[in-house]
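Chain identifiers are assigned alphabetically (A, B, ...) following the order of the sequence lines, protein sequences preceding nucleic acid strands; residue numbering begins at 1 within each chain.
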2 protein chains.
Amino acid sequence: MENLVAHQLNERLATSGLRSTVQRQQVYDVLLQRRDHPTAEEVFIRAKTGSPEISIATVYNCLDALVKCGLVRQVNLDRSATRYCPNMHEHFHFYCDGCGTIYDIDSPAKGPATLRVQVPDGFTIGHCEISVRGSCPACNKKRE
Amino acid sequence: MENLVAHQLNERLATSGLRSTVQRQQVYDVLLQRRDHPTAEEVFIRAKTGSPEISIATVYNCLDALVKCGLVRQVNLDRSATRYCPNMHEHFHFYCDGCGTIYDIDSPAKGPATLRVQVPDGFTIGHCEISVRGSCPACNKKRE
DNA sequence: CTAGGTGCAAAAGGTTTGCGGTTAA
DNA sequence: TTAACCGCAAACCTTTTGCACCTAG
């Protein structure tokens, strides 16, 4: 049944005028297997275990293609390496200073949409990114 | 009366265990003169017109010192060079895709604080950064 | 006097690019 | 068939580092 995912990927690539290649499927698989927001280099390492001949330039190219066709989001925290996230639901990122984990935080179903930011009249929002740093529940417990 | 600013800077540096130097004052002056969120390189270029012997490493060091003592904020948009902002009021940044201007957007005095983000129980927020991309009033008008 | 800061140049990430060969459509 | 893509290596941009000299406290 992973053909379902593969099929969806191919369709998305096609709609964006991009080709379906084995490398792009591998890179997307890597992102779906462990949704831990890996960097390009981490994706490269994981992809290499499956197909050792893949290159880092290709990984960047593939990640770019996935971003272009709307299946993957880039996550930028500070100046460190860009991370990649296959969760396309509206959410923001919480980086734990204690353990380094990045959590996806979804907009609460009820109440005002936390992810909608207000801008003065005349401005129009194209894209909005929220990132929060702090301590996660596990690290907070440890500290007690 | 710029002595007032200089005095405040020195005090802040001292409280953080940092020394007052002419370079740190120059860099801070550059940031205050035009609050247009320059990159380190732009600060470097502007500072050099006053004192041509300043080095880029020193500019980075000074900006770092100013961030450490709470007079300046870093602004990271995408992967481009870090920008520096001497506005320490609670606000977020709006980047105009049309003209490249970065606007400071303040939290509206009334209504729910837009800059406060909700996180699930157990998480504690240390720092929160919001950045929005879109089109500014001037560019929206032009497009009509 | 001396810890901390400066200037210079070299190195270190992270990402992009150029190019000859390969492949999806 | 051919434009798009791959792999490799070199280049690029931003930031950091090492080191000898300098200076604020």
(message) Under a 4.0 Å threshold between the charged nitrogen and the carboxylate oxygen, would B:Arg46 count as salt-bridged to B:Asp36?
(response) yes
(request) Could you tell me whether A:Glu42 and A:Arg83 make a salt bridge, using a distance below 4.0 angstrom between a side-chain N and a carboxylate O? (result) yes
Any N/O pairs under 3.5 Å between the protein and nucleotides 4-9 of chain C? List them or say none.
from: C:dG4; atom 1: O4'; to: B:Arg19; atom 2: NH2; distance (Å): 3.3
from: C:dG4; atom 1: N3; to: B:Arg19; atom 2: NH1; distance (Å): 3.3
from: C:dG5; atom 1: OP1; to: B:Arg24; atom 2: NH1; distance (Å): 3.0
from: C:dG5; atom 1: OP1; to: B:Arg24; atom 2: NH2; distance (Å): 3.1
from: C:dT6; atom 1: OP1; to: B:Thr21; atom 2: OG1; distance (Å): 2.7
from: C:dT6; atom 1: OP2; to: B:Asn61; atom 2: OD1; distance (Å): 3.3
from: C:dT6; atom 1: OP2; to: B:Asn61; atom 2: ND2; distance (Å): 3.3
from: C:dT6; atom 1: O3'; to: B:Gln23; atom 2: NE2; distance (Å): 2.9
from: C:dG7; atom 1: OP1; to: B:Gln23; atom 2: NE2; distance (Å): 3.4
from: C:dG7; atom 1: OP1; to: B:Glu53; atom 2: O; distance (Å): 3.4
from: C:dG7; atom 1: OP2; to: B:Ser55; atom 2: N; distance (Å): 3.3
from: C:dG7; atom 1: OP2; to: B:Thr58; atom 2: OG1; distance (Å): 2.6

(request) Please confirm whether A:Tyr103 and B:Phe123 have ring centers closer than 6.0 angstrom. (result) yes
Please report, rounded to the nearest Å, how far the [atom2] atom of [N] is from the [atom1] atom of [X].
| X | N | atom1 | atom2 | result |
| --- | --- | --- | --- | --- |
| A:Gln25 | D:dC5 | CD | P | 14 Å |
| A:Leu13 | C:dT23 | CG | P | 18 Å |
| A:Phe44 | D:dC6 | CZ | P | 14 Å |
| A:Asp78 | C:dG14 | CG | P | 13 Å |
| B:Tyr60 | D:dG18 | OH | P | 17 Å |
| A:Asn76 | C:dG14 | CG | C1' | 11 Å |
| A:Glu41 | C:dT16 | CD | P | 14 Å |
| B:Glu42 | D:dC13 | CD | P | 15 Å |

Would you say that [X] contacts [Y] through its side chain, given a criterion of any heavy-atom pair below 4.5 Å between the two side chains?
| X | Y | value |
| --- | --- | --- |
| B:His127 | A:Ser131 | no |
| A:Arg24 | A:Leu18 | yes |
| A:Ile105 | A:His93 | no |

(message) Check whether B:Ser51 reaches the backbone of B:Ile54 with its side chain - one donor and one acceptor, N or O, closer than 3.5 Å.
(response) no
Distance check: side-chain N/O of [X] vs OP1/OP2 of [N], anything under 4.0 Å?
| X | N | value |
| --- | --- | --- |
| A:Ser80 | C:dG13 | no |
| A:Arg79 | C:dG13 | no |
| A:Thr39 | C:dG14 | no |

